[in-house]
Amino acid sequence: MNYSQKVREIWEPPEPQTGTPDYRELVRYATLAASSHNTQPWLFKLEDGRIRILPDFSRRCPAVDPDDHHLYASLGCAAENLILAASAAGLKGYCSYDPSTSGVQIDFEETTPFQSSLFKAITERQCSRVEYDGSPLTAEQLQLLEQAGQGDGVSMTLLTDDEQKEQIARYVTKGNSAQFGDSAWARELKSWIRFSGREAATSGDGLYGPVMGSPSVPRWLGLLAMRFGFSAEKQNQKDDRHIRSSSAIAVLVSESDDKPHWIEAGRCYERLALQAAALELKTAFINQPVEVPELRGDFARFLGIGNRRPDLVLRIGRGPAAPRSLRRPVEEVLI
């Protein structure tokens with residue numbers, strides 16, 4: 001099966017469930033969530049009245065994510081999708097952090113099925129790493145986004161004026177300079193890039209080249225191109241255009257710097273991105289200011305958030321659809 005066929009298979013909405021909820025189908029929706037580098041660092045354990053989402057540390061990214069913050073945020077993203085899908089199937093999900101497994105536990109009870117607009121947006125959400133049109137968002141859209149991005153111990157700030165966006169661009173520039181100067185970070189990123197459709201279809205994970213604006217090419221050619229065209233300067237130029245073209249920049253912030261809050265930040269991000277998709281808006285991460293430890297504290301001071309941790313940064317706006325990343329089959333993530 002080629003890349004295009006797999007995209008249709010993975011992202012096309014399935015027929016609505018009837019009868020007893022299918023836990024495997026809930027997991028399928030969960031796997032459509034966002035994850036850093038599309039590593040999909042999750043495993044699912046199906047139990048009677050419960051689904052556990054466990055960290056898959058074989059898929060961690062120690063260079064860009066040394067404390068596993070993004071990994072746990074990804075578990076939260078998957079949990080949010082799963083809870084929304086469970087509601088549509090007639091199950092109310094209760095999400096909690098389980099320190100014994102260092103994972104997420106979701107317990108179910110029967111309820112009236114409800115397909116929310118966020119559930120319907122699960123198959124529409126994607127990270128669109130393209131230029132947006134810069135048009136302002138309406139007051140109603142901003143309010144809906146602000147509501148979606150709030151959680152238990154997690155808050156969200158929307159930055160919309162040009163000066164704020166320029167400040168964000170400066171922090172992204174500093175982050176790029178630090179990351180591109182780190183050979184371990186560069187090697188790790190390259191290991192997760194799938195340069196061709198064939199490579200992406202085979203692995204079912206990682207960053208497909210065209211998703212990032214590159215052509216689909218054989219791996220040897222992609223690596224050669226990166227050797228001569230992979231630089232902080234070029235990335236900064238692209239990111240500057242992308243940030244200035246955005247309607248808003250969202251920053252998610254946790255009250256405490258621990259795994260339960262990282263998971264909650266992931267849930268908030270996923271709701272925010274789904275709400276944007278439901279409003280026909282695009283989103284994309286610009287996490288450099290929170291990924292570089294030496295920069296994160298300065299970024300927190302710019303935000304005026306004291307000792308709280310800035311978790312995730314994304315841009316929001318109106319723009320064209322981008323190629324989609326793939327996902328591994330449900331069978332590969334069940335234990």
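Everything quoted here is computed from the prediction, not taken from an experiment.
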Determine whether the side chains of [X] and [Y] contain a donor N or O and an acceptor N or O closer than 3.5 Å.
{"X": "N2", "Y": "S4", "result": "no"}
{"X": "Y97", "Y": "E264", "result": "no"}
{"X": "D258", "Y": "H261", "result": "yes"}
{"X": "S203", "Y": "R194", "result": "yes"}

Any ion pair linking [Y] and [X] (charged N to carboxylate O, less than 4.0 Å)?
{"X": "R267", "Y": "E270", "answer": "no"}
{"X": "E163", "Y": "R170", "answer": "yes"}
{"X": "K238", "Y": "E131", "answer": "no"}

Answer yes or no: are there more than 12 heavy-atom neighbours, outside N307 itself, under 6.0 Å from its atom CG? no
E110 atom CD, over 12 foreign heavy atoms within 6.0 Å: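 Incorrect, the count does not exceed 12.
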Check whether V154 and V253 end up in the same hydrophobic cluster, where Ile, Leu, Val, Met, Phe, Trp and Tyr are linked by side-chain heavy atoms less than 4.5 Å apart. no
Does K6 make a cation-pi contact with Y3, if we ask for NZ or CZ under 6.0 Å from the ring centre and within 45° of the axis?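 The answer is no; the distance or angle limit is not met.
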Assess K234 against F230: is NZ or CZ under 6.0 Å from the centre of the six-membered ring, and within 45 degrees of the ring's axis? no
Could you list the donor-acceptor pairs under 3.5 angstrom formed between side-chain atoms of residues 293-305 and any protein atom two or more places apart in sequence or on another chain?
residue: R296; atom: NE; partner: V290; partner atom: O; Å: 2.8
residue: R296; atom: NH2; partner: V290; partner atom: O; Å: 3.1

If you take the centroid of each ring, where Trp contributes its six-membered ring, are F119 and F114 closer together than 6.0 Å? no
What are the two closest non-hydrogen atoms of N236 and V172, and how far apart are they? OD1-O, 4.1 Å
Could you tell me which residues satisfy salt bridge (Lys or Arg N to Asp or Glu O under 4.0 Å) with D257, sequence neighbours excluded, listed by chain and number?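 D257: salt bridge (Lys or Arg N to Asp or Glu O under 4.0 Å) contacts with R309.
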